[in-house]
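Just below is one structure, and these are the notes that go with it.
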Amino acid sequence: MRKDKQQFETQAIRTQTETTQFSEHSVPLYLTSGFVFDDAEEMRASFAEEKQRDLYSRYSNPNVNEFVDKVCLMEGAEAGFAFASGMAAVFSTFATLLDAGDHVVSCSSVFGATHGLFTKYFPKWNIECSYFNVNEVETIEDLIQSNTKFIYAETPTNPGVDVLDLDYLSAVCKKHNLLLVIDNCFATPYLQNPIKHGADLVIHSATKLMDGQGRVLGGVTVGRKELIREIYLFSRLTGPAMSPFNAWVLSKSLETLAIRTDRHCENALKLAEYLEAHPKVNWVKYPFLKSHPKYDIAKKQMKLGGNIVAFEVKGGVEGGRAFFDSIKMCSLSANLGDTRTIVTHPASTTHAKVEDEVKAAAGITDGMVRCSLGLEHIDDIIADFKQALK
């Protein structure tokens, strides 16, 4: 059976690097910086790309290739390249696509480090970015300029779990001959496939749910073959490649992505419903809560709502501080997508260096909590939140 006809779970488990002479069942680690050649002609042909094979682990490696192949199958992408971290994937993708004098249209609700690229570093290279509010997508076309190269968005967004209509964004890009680049980290390819809705490139921080246990860093960009080719050439020179060990860990992690994510989403929805009825909570956002402003869009393009719940504790800064200081079981960390439930205060951590007006536009308030639901029993998670909110 062709791999592209298999179900998601089967692709995740059965896509493997070719077996060696030892007939191993589980793929071995290929901890090597380089590879050898039979003769001078093979070496020449390989570096001339007349022969497809691994040359050097900064370019490709069997473990990394396996991980990328799995993500491509899951996302329905033609090709991909894996990176040392999610931000390495974001920066390398942007740096490949953009030239001095170019312009980007982006949702204002983006990860703090991505915002830093747009505001601190890209202006040095005469690259500008215009933001649109997640709730005002009708303004996107007004922001497009003659030098606009692509539209960029996260959906669901970090940290507010807002949802953007991928079909709408794709239609705008096609109308104006722009690329559509989507960060699909919060959803994972198990819950959402932006390429099926018209995205040209999809970026993931594999550090999150793809790993799922808070062990290794990684990033990956997948999409159209000709675009990935340019990203590969840029990355081959600049060296942000994923390590073979991390790729091996991540590839094994993908084998359980579906079953893990099902439980993550189940726990997240139950916690969101509990918090929505709590008297000390001002508001709750979760894509599969009917109260979410983009609930219908989330149901259209996502299989489940993901593992991130955002909510605001009453009492502002002091209310938030009291909540975080009272948490006992759940972890206080800036990471997400772990087996362990994590609570984060975005305003003072992941988005601390973002300007106040930008935070306000993204809905990041002083009392906002980002919760990454883990795999503990939901009764124990709710019990910890209940005592922390007293």
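At a cut-off of 3.5 Å, with distance as the only test, no side-chain donor of Asn133 or Ser108 sits close to an acceptor on the other residue. Between the side chains of Ser291 and Glu276, at least one donor N or O sits under 3.5 Å from an acceptor N or O. Between the side chains of Ser372 and Asn307, at least one donor-acceptor pair of N or O atoms lies under 3.5 Å. Donor-acceptor pairing under 3.5 Å is recorded for the side chains of Thr256 and Arg260. Inspection of the His176 and Glu141 side chains reveals an N or O donor paired with an N or O acceptor under 3.5 Å. Side-chain atoms of Ser33 and Ser57 include no donor-acceptor pair closer than 3.5 Å. Defined by atom type and a distance below 3.5 Å, a donor-acceptor pair is present between the side-chain atoms of Glu75 and His204. If you check the side chains of Asn158 and Asp183, you find no donor sitting under 3.5 Å from an acceptor. Looking at Tyr190 and Asp262, their side chains do bring a donor and an acceptor atom within 3.5 Å of each other. Side-chain contact check for Thr96 and Glu230: no donor-acceptor pair (N or O, by modelled atom type) lies under 3.5 Å. Remark: the His197 side chain and the Asp167 side chain contain an N/O donor-acceptor pair separated by less than 3.5 Å.
Transitive grouping of hydrophobic side chains (ILVMFWY, heavy atoms separated by less than 4.5 Å) brings Ile182 and Val137 into a common cluster. Under the 4.5 Å side-chain heavy-atom criterion for grouping Ile, Leu, Val, Met, Phe, Trp and Tyr, Phe132 is connected to Leu166 within one hydrophobic cluster.
When all heavy atoms are compared, the tightest approach of Met242 to Gly218 is CE-CA, 3.7 Å. In plain terms, the two heavy atoms of Ala310 and Met368 that are nearest each other are CB-CE, 3.7 Å. For Leu201 against Thr221, the heavy-atom pair with the smallest separation is CD2-CG2, 4.2 Å. Closest heavy-atom contact between Val309 and Ala268: CG2-O, 3.5 Å. Of all the heavy atoms in Pro287 and Pro156, the pair that sits closest is CG-CG, 4.2 Å.
In this structure, Lys299 is positioned above the aromatic face of Phe288, its NZ or CZ under 6.0 Å from the six-membered ring centre and within 45° of the axis.
Using a distance-only test at 3.5 Å, with no hydrogens or angles considered, no donor-acceptor pair links the side chain of Gln192 to the main chain of Ala187. Remark: the backbone N or O of Gly374 is paired with a side-chain donor or acceptor of Thr341 at under 3.5 angstrom. Panel note: side chain Thr20, backbone Phe22; a donor-acceptor pair is recorded below 3.5 Å. Not one N or O on the side chain of Asp102 forms a donor-acceptor pair closer than 3.5 Å with the backbone of Leu98. No donor-acceptor pair under 3.5 Å is formed between the side chain of Thr114 and the backbone N or O of Val110. Glu78 places a side-chain N or O within 3.5 Å of a backbone atom of Lys225 that can act as its donor or acceptor partner. One N or O on the side chain of Asn193 and one on the backbone of Met74 form a donor-acceptor pair closer than 3.5 Å. Using a distance-only test at 3.5 Å, with no hydrogens or angles considered, no donor-acceptor pair links the side chain of Thr148 to the main chain of Phe150.
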* **CA sep, side-chain torsions, deciding dist, call: Asn65, Asp54, side chain to side chain donor-acceptor pair (under 3.5 Å)** => CA-CA 9 Å; Asn65 298 341; Asp54 294 310; 3.1 Å; yes
* **Stepwise salt bridge (Lys or Arg N to Asp or Glu O under 4.0 Å) check, Lys294 with Asp162** => CA-CA 7 Å; Lys294 301 295 174 60; Asp162 291 301; over 6 Å; no
* Asked: Could you walk me through whether Glu42 and Ser46 pass the side chain to side chain donor-acceptor pair (under 3.5 Å) check?
  -> CA-CA 6 Å; Glu42 186 191 23; Ser46 298; 4.9 Å; no
* **Working for side chain to side chain donor-acceptor pair (under 3.5 Å), residues Gln213 and Ser253** => CA-CA 9 Å; Gln213 296 180 63; Ser253 297; 5.0 Å; no
* Assess whether salt bridge (Lys or Arg N to Asp or Glu O under 4.0 Å) is satisfied between Glu41 and Arg44, documenting all intermediate values. => CA-CA 5 Å; Glu41 174 53 27; Arg44 183 208 64 78; 2.8 Å; yes
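Counting heavy-atom neighbours within 6.0 Å of Lys300 NZ, excluding the residue itself, gives a total above 12. Atom CD of Glu138 sits in a crowded spot, with more than 12 heavy atoms from other residues, nucleotides or ligands closer than 6.0 Å.
Aromatic ring centroids of Tyr286 and Phe311 lie 6.0 Å or more apart. Note: Tyr274 and His278 meet the aromatic proximity criterion, with ring centroids under 6.0 Å apart. With ring centers used as reference points, Tyr152 lies under 6.0 Å from Phe94. Ring pair Phe83/Phe81: centre-to-centre distance below 6.0 Å.
The CG atom of Leu164 lies 8.0 Å from the CD1 atom of Ile297; values are rounded to the nearest 0.5 Å. With rounding to the nearest 0.5 Å, the separation of CZ in Phe47 from CD in Glu49 is 10.0 Å. Put simply, CD1 on Ile378 and CZ on Arg263 are 9.5 Å apart, with the number rounded to the nearest 0.5 Å. Here the CD1 atom belonging to Ile342 is positioned 7.0 Å from the CG atom belonging to Leu336, to the nearest 0.5 angstrom. The CD atom of Gln7 sits 15.0 Å away from atom CZ of Arg14, with the distance rounded to the nearest 0.5 Å. Note that CG of Leu373 is 9.0 Å distant from SG of Cys265, once rounded to the nearest 0.5 Å.
Glu226 meets the salt bridge (charged side-chain N to carboxylate O under 4.0 Å, His left out) test with Arg224; sequence neighbours excluded.
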Which donor-acceptor pairs under 3.5 Å do side chains of residues 313-326 form with protein atoms, sequence neighbours excluded?
from	atom 1	to	atom 2	distance (Å)
Lys314	NZ	Pro279	O	2.9
Ser326	OG	Ala322	O	2.7

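Contacts classified as salt bridge (charged side-chain N to carboxylate O under 4.0 Å, His left out) and involving residues 373-385 (residues at least two apart or in different chains) are not found.
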